[in-house]
Visitor: 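Next up is a structure, given as structure tokens.
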There are 2 protein chains.
Amino acid sequence: MSTYVPEAVIRRLPSYYRHLRDLEQEGVQQISSQELGERMGMTPSQIRQDINSFGGAGRQGYGYQVSTLKEHLRGIMGLDREHRMAIIGAGRIGKAVANYTGFPREGFRTVALFDAEPTGSELVTDGATIPIYPAEELEARLPELGASIGVLALPAGGAQDTADRLYRSGIRAIWNFTPADLRCPEDMAVMNVRLSESLHLLSYMMNQMEK
Amino acid sequence: MSTYVPEAVIRRLPSYYRHLRDLEQEGVQQISSQELGERMGMTPSQIRQDINSFGGAGRQGYGYQVSTLKEHLRGIMGLDREHRMAIIGAGRIGKAVANYTGFPREGFRTVALFDAEPTGSELVTDGATIPIYPAEELEARLPELGASIGVLALPAGGAQDTADRLYRSGIRAIWNFTPADLRCPEDMAVMNVRLSESLHLLSYMMNQMEK
DNA sequence: TAGATTGTTAATCGATTAACAATC
DNA sequence: TAGATTGTTAATCGATTAACAATC
């Protein structure tokens, strides 16, 4: 089937998934590339090219079945199983992320927080109570926690070192909220969330509009 | 000078800025496209193309002056003046953002939080004490606050309506933390922060690595 | 069957890389 | 001047759009 999915299409996968989920929620069972394109702000042509690249199954004269396509994407993105997350840094950002993923939702669940200087022993979120451990217990605790994703929510200075420790403990995915550019082995997946870059880009847009 | 800056270059502007700031911090005064490229993971050729598109001033046989280039970018992105932000939604995310931008840092400063059901009257951050107002006072309070950026950190359901209200109150920039696709007039700058899409993309990467 | 809409090939557009003359 | 490195043009690559035959 899908031998190669272009980089540009990969970046759009989550957007496809979100829109299809919304459509399903609204009770839409089938949709044409025309309609989906209008909704997502893309040309029908691009929709068809994209879907074909990751092996979707449309029907000529009819369109795409929403639920089938959604489930297909779910499989491609590995959202059909649970991912446990360990958050390193129990400050504002770490806690916000914990709350965001505190209850099993879309298959992501925070199972522990770590902090250099914990101010409490647990965090109570809407859906669960999450333990907070001292950062030095990282290696000791990770095996029993079964976490597959490490979330970096600590000061940038400690990010690289923590990433290295996570790798040595078997973690192969990092959700990085620090501005640090991590150097990691090939088999570590790193997703950066660069909040201040996002704000700077907004500032640029504002600046341009004034002209 | 710079008549047209390609979309792809615009998206890289904040990254250039961050690296140049780091270099300046390290005491590096001058750098070649070769060295900067290695640092940013780009080809020297692309670095030169990019910098020329936004009107940088290199010197043949020498390279680029770090401080000059950084200040130039600062101007382009409008980081040389203060932007005041009003955050709508005083939950975990709103508070995390408030703390992140609570003190004047890089020219962004949160001046107020609004919440449908405020649980307190102010938020104490590291650098400042920020008032929390009821959401219905949005129109009344905004003029005196002098905010130019609205931050959406509330449940997705209220996002579009709040965006409309912000527009009518003169706000022309939105930093959107909700998953909602906002429909806004042309002269409103919108920057989306899609946390769950980012997590889904990480999940996709993990899934691919297993193969 | 007729109409609609996909799947796919070809054309266009934009972004990246390569090459090299200009020049500090 | 000689060496280094930019600025810029040309070549390549990848992504998007257009067009249309295939087919439900």
Side-chain angles (χ1 to χ4, degrees), chain A residues 1-16 19-20 23 28-73 76 197 201 204 208, chain B residues 1-16 19-20 23 28-73 76 197 201 204 208:
Chain A
M1 301 263 147
S2 60
T3 346
Y4 169 73
V5 183
E7 192 58 33
V9 178
I10 290 174
R11 278 195 299 270
R12 285 191 290 268
L13 292 178
S15 174
Y16 275 106
H19 281 94
L20 288 165
L23 283 163
V28 178
Q29 298 189 346
Q30 151 274 334
I31 195 165
S32 67
S33 58
Q34 171 75 43
E35 287 173 295
L36 187 55
E38 270 162 30
R39 207 164 159 129
M40 296 182 64
M42 295 163 62
T43 63
S45 199
Q46 183 166 34
I47 299 275
R48 294 202 298 277
Q49 288 277 23
D50 281 10
I51 292 180
N52 270 59
S53 81
F54 57 77
R59 254 174 66 198
Q60 273 115 327
Y62 180 82
Y64 301 91
Q65 188 163 3
V66 172
S67 63
T68 311
L69 200 50
K70 196 207 80 178
E71 284 308 312
H72 186 204
L73 282 165
I76 288 177
E197 292 196 4
L201 218 41
Y204 172 85
Q208 291 310 299
Chain B
M1 297 264 149
S2 58
T3 345
Y4 168 74
V5 183
E7 192 58 34
V9 178
I10 290 173
R11 277 196 299 271
R12 285 191 288 268
L13 292 178
S15 174
Y16 276 107
H19 281 94
L20 288 164
L23 283 163
V28 178
Q29 299 190 346
Q30 152 273 336
I31 194 164
S32 67
S33 58
Q34 170 75 43
E35 287 173 296
L36 187 54
E38 271 162 29
R39 206 162 160 131
M40 295 181 65
M42 295 163 62
T43 61
S45 199
Q46 183 167 33
I47 298 274
R48 295 202 297 277
Q49 289 278 22
D50 281 8
I51 292 180
N52 271 58
S53 81
F54 57 76
R59 254 174 67 198
Q60 273 114 327
Y62 180 83
Y64 301 90
Q65 188 163 3
V66 172
S67 63
T68 310
L69 199 49
K70 195 206 80 177
E71 285 308 311
H72 186 205
L73 281 165
I76 287 177
E197 292 196 5
L201 217 43
Y204 172 86
Q208 291 310 300

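So you know, we letter chains A, B, ... as the sequences are listed, proteins then strands, and number each from 1.
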Visitor: Check every strand shown and say whether Arg12(B) touches a base, only sugar-phosphate, or nothing at a heavy-atom separation below 4.0 Å.
Guide: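 Result for Arg12(B) = sugar-phosphate.
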
Visitor: Side chains of Leu69(A) and Phe54(A): closer than 4.5 Å at any heavy-atom pair?
Guide: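 Touching, per the 4.5 Å side-chain cut-off.
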
Visitor: Can you check whether Lys70(A) reaches Tyr16(A) side chain to side chain, under 4.5 Å on heavy atoms?
Guide: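 Contact flag for Lys70(A)/Tyr16(A) side chains = no.
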
Visitor: Would you check, one step at a time, whether the test side-chain contact (heavy atoms from CB on, under 4.5 Å) holds for Leu23(B) with Arg39(B)?
Guide: CA-CA 10 Å; Leu23(B) 283 163; Arg39(B) 206 162 160 131; 3.3 Å; yes

Visitor: Any chance you could measure Glu38(A), atom CD, to Ser32(A), atom OG, to the nearest 0.5 Å?
Guide: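 Reported to 0.5 Å precision, the distance equals 8.0 Å.
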
Visitor: Could you pick out which residue, Arg59(A) or Glu7(A), lies toward the 5' side of DNA chain D when each is mapped onto its nearest nucleotide?
Guide: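 Looking at the nearest nucleotide for each, Glu7(A) comes out on the 5' side.
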
Visitor: With a 4.5 Å heavy-atom cut-off, do Asp50(A) and Met42(A) have their side chains touching?
Guide: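 In short, these two side chains touch, coming nearer than 4.5 Å.
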
Visitor: Can you tell if the side chain of Glu197(A) reaches within under 4.5 Å of the side chain of Arg11(B), non-hydrogen atoms only?
Guide: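 Sidechains of Arg11(B) and Glu197(A): no contact.
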
Visitor: Would you grab the first and last nucleotide of DNA chain D (5' to 3') that comes under 4.0 Å of any non-hydrogen atom in chain B?
Guide: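 Counting from the 5' end, contacts occupy dA4(D) to dA10(D).
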
Visitor: Under the side-chain contact (heavy atoms from CB on, under 4.5 Å) rule, collect the residues that match up with Ser67(B), sequence neighbours excluded.
Guide: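 Ser67(B) satisfies side-chain contact (heavy atoms from CB on, under 4.5 Å) with Glu24(B), Gln65(B) only.
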
Visitor: I'd like to check the side-chain hydrogen bond (donor to acceptor under 3.5 Å, both in side chains) partners of Gln30(B); sequence neighbours left out, ordered by chain and number.
Guide: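 Per chain and number, Gln30(B) pairs via side-chain hydrogen bond (donor to acceptor under 3.5 Å, both in side chains) with no residue.
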
Visitor: Would a 4.5 Å heavy-atom cut-off, applied to side chains only, mark Leu36(B) and Tyr64(B) as touching?
Guide: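 No. Closest side-chain heavy atoms not under 4.5 Å.
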
Visitor: Give the dot-bracket line for DNA chain D from 5' end to 3' end: parentheses for intra-strand Watson-Crick or G-U pairs under 3.5 Å, square brackets for crossings, | for inter-strand pairing, dots for unpaired.
Guide: ..||||||||||||||||||||||

Visitor: According to side-chain contact (heavy atoms from CB on, under 4.5 Å), who are the partners of Ala57(B), at least two apart in sequence or on a separate chain?
Guide: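 Residues passing side-chain contact (heavy atoms from CB on, under 4.5 Å) with Ala57(B): none at all.
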
Visitor: Going by heavy atoms closer than 4.0 Å, what residues in residues 37-49 of chain B are next to DNA chain C?
Guide: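 DNA chain C contact set from residues 37-49 of chain B: Thr43(B), Ser45(B), Gln46(B), Arg48(B), Gln49(B).
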
